[in-house]
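Notes follow the structure.
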Amino acid sequence: MSSIITIIEAVVADLTPKPEFIYGFKSWANLKADEKTFPIVILVEPITSNDEFRQGGLVDSSYPIFMLFLDKTELAYTPEEHRIAVDSMRDLRRQFILKLKIAKNSYNEHIFKSITDVKTTDTFNELDANASGVGINFVATPLNSDLICT
């Protein structure tokens, strides 16, 4: 059984350039970001699931996820300088979503039935570390929800 966090962490580790990965409450991630080398990817907890119970005791779950893809910026950056960081994080986010959609388990089966409702929002001067990039919301639905935990 894999956790949604482990799966996302593995996909983030496969990105280029290699961002550092943080997961947890946003306030805790804010503190951890000070110790990291940018770019960083934050999986914001808590993670919830929307569960549909089927016959035979099977459960279909979908997971609304919120993540931040951030690169180091300075408070005094011009809008053009922030845009460079935001655009590079949009590229990293696109790479992440594409890799997440094709992620496979150890049996070479796709992990996710669907990755839907992807919404991206530019964000500037996030966290105490002064980072800009994108926040993304999406819904991940595993192919076999009974084999995934949070």
Side-chain angles (χ1 to χ4, degrees), residues 1-52 58-75 77 82-150:
M1 180 180 290
S2 295
S3 81
I4 197 86
I5 295 169
T6 305
I7 295 164
I8 289 173
E9 183 174 25
V11 172
V12 168
D14 193 36
L15 299 177
T16 304
K18 297 221 177 291
E20 293 212 35
F21 181 70
I22 304 170
Y23 67 91
F25 299 114
K26 190 173 178 188
S27 57
W28 184 83
N30 183 27
L31 296 173
K32 296 307 286 179
D34 294 337
E35 305 166 6
K36 301 294 183 182
T37 302
F38 283 79
I40 61 172
V41 173
I42 301 172
L43 172 60
V44 179
E45 291 190 287
I47 297 172
T48 59
S49 66
N50 298 322
D51 302 322
E52 182 181 321
L58 295 175
V59 179
D60 275 337
S61 299
S62 59
Y63 299 89
I65 304 290
F66 176 63
M67 298 176 70
L68 292 165
F69 289 70
L70 301 170
D71 206 353
K72 185 78 174 113
T73 55
E74 297 296 330
L75 192 56
Y77 270 16
H82 280 290
R83 180 57 45 202
I84 293 167
V86 169
D87 289 346
S88 69
M89 291 302 98
R90 278 185 168 273
D91 290 343
L92 200 62
R93 174 255 353 189
R94 181 181 183 281
Q95 189 184 147
F96 169 78
I97 292 295
L98 292 174
K99 287 180 183 278
L100 192 63
K101 284 183 173 191
I102 62 170
K104 294 187 177 181
N105 63 19
S106 56
Y107 303 109
N108 205 31
E109 302 165 328
H110 285 282
I111 295 172
F112 295 102
K113 182 186 321 183
S114 65
I115 304 296
T116 59
D117 299 328
V118 180
K119 294 176 181 70
T120 305
T121 305
D122 295 349
T123 184
F124 304 93
N125 295 321
E126 276 284 337
L127 313 177
D128 294 341
N130 264 348
S132 295
V134 295
I136 67 167
N137 293 294
F138 62 93
V139 177
T141 304
L143 192 57
N144 184 348
S145 300
D146 293 324
L147 298 178
I148 303 289
C149 64
T150 53

Worksheet item: Should Tyr63 and Thr48 be marked as a side chain to side chain contact (heavy atoms under 4.5 Å, CB included) after you check the CA-CA gap, both sets of side-chain angles, and the distance that decides it?
Response: CA-CA 6 Å; Tyr63 299 89; Thr48 59; over 6 Å; no
Worksheet entry | Step-by-step side chain to side chain contact (heavy atoms under 4.5 Å, CB included) determination, Met67 to Phe96 | CA-CA 11 Å; Met67 298 176 70; Phe96 169 78; 3.7 Å; yes
Item to complete: Go through the steps to decide whether Tyr23 and Ile47 satisfy the test side chain to side chain contact (heavy atoms under 4.5 Å, CB included), and finish with yes or no.
Response: CA-CA 10 Å; Tyr23 67 91; Ile47 297 172; over 6 Å; no
Practice prompt. Determine, stepwise, if the pair Ile7 / Ile111 fulfils side chain to side chain contact (heavy atoms under 4.5 Å, CB included).
Written response: CA-CA 9 Å; Ile7 295 164; Ile111 295 172; 3.8 Å; yes
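Here the CG atom belonging to Asp87 is positioned 11.5 Å from the OG atom belonging to Ser132, to the nearest 0.5 angstrom. One finds the CZ atom of Phe25 at 6.5 Å from the CD atom of Glu45 (value rounded to the nearest 0.5 Å). To the nearest 0.5 Å, atom CG of residue Asp91 and atom CZ of residue Phe69 are 11.5 Å apart. To the nearest 0.5 Å, the span separating CG on Leu70 from CG on Leu127 amounts to 5.5 Å. Atom CG of Asn130 sits about 4.5 Å away from atom CG of Asn125, to the nearest 0.5 Å. In this structure, CD1 in Ile115 is found 8.5 Å from CD1 in Ile65, a value given to the nearest 0.5 Å.
Ile102 is linked by a side chain to side chain contact (heavy atoms under 4.5 Å, CB included) to His110, counting only residues two or more places apart in sequence or in another chain. Residues passing the ring pair (Phe, Tyr, Trp, His ring centres under 6.0 Å) test with Phe138, sequence neighbours excluded: none. For Phe124, the ring pair (Phe, Tyr, Trp, His ring centres under 6.0 Å) criterion is met by His82, not counting sequence neighbours. Residues passing the side chain to side chain contact (heavy atoms under 4.5 Å, CB included) test with Asp71, sequence neighbours excluded: Phe38, Pro39, Ala85, Ser88, Met89. Taking the side chain to side chain contact (heavy atoms under 4.5 Å, CB included) definition, one finds that Ala13 meets it with nothing, sequence neighbours left out.
In this structure the side chain of Asp60 never reaches within 4.5 angstrom of the side chain of Asp51, judged on heavy atoms. Phe66 is not listed as a side-chain neighbour of Ile136, based on a closest heavy-atom distance of 4.5 Å or more. Counting heavy atoms from C-beta on, the side chains of Ile5 and Leu43 come closer than 4.5 Å. Residues Ile42 and Asn30 are not in side-chain contact: their nearest non-hydrogen atoms beyond the backbone lie 4.5 Å or more apart. The shortest distance between side-chain heavy atoms of Thr121 and Val134 does not fall below 4.5 Å. Lys26 is listed as a side-chain neighbour of Leu68, based on a closest heavy-atom distance under 4.5 Å. Contact of the Arg90 side chain with the Asp122 side chain is registered, since non-hydrogen atoms from C-beta on lie closer than 4.5 Å. Within the 4.5 Å cutoff, the side chain of Leu100 has heavy atoms near those of the Phe112 side chain.
A side chain to side chain donor-acceptor pair (under 3.5 Å) check over residues 7-16, counting only residues at least two apart or in different chains, returns the pairs Asp14-Lys99.
Of all heavy-atom pairs between Thr120 and Arg93, the closest is OG1-NH1, 3.0 Å. In terms of heavy atoms, Val11 sits closest to Ala103 at CG2-CB, 4.3 Å.
Ion pairing between Lys32 and Glu20 fails under the 4.0 Å rule for side-chain N and carboxylate O.
Side chains of Ser62 and Thr141: a donor-acceptor N/O pair is absent below 3.5 angstrom, by distance only.
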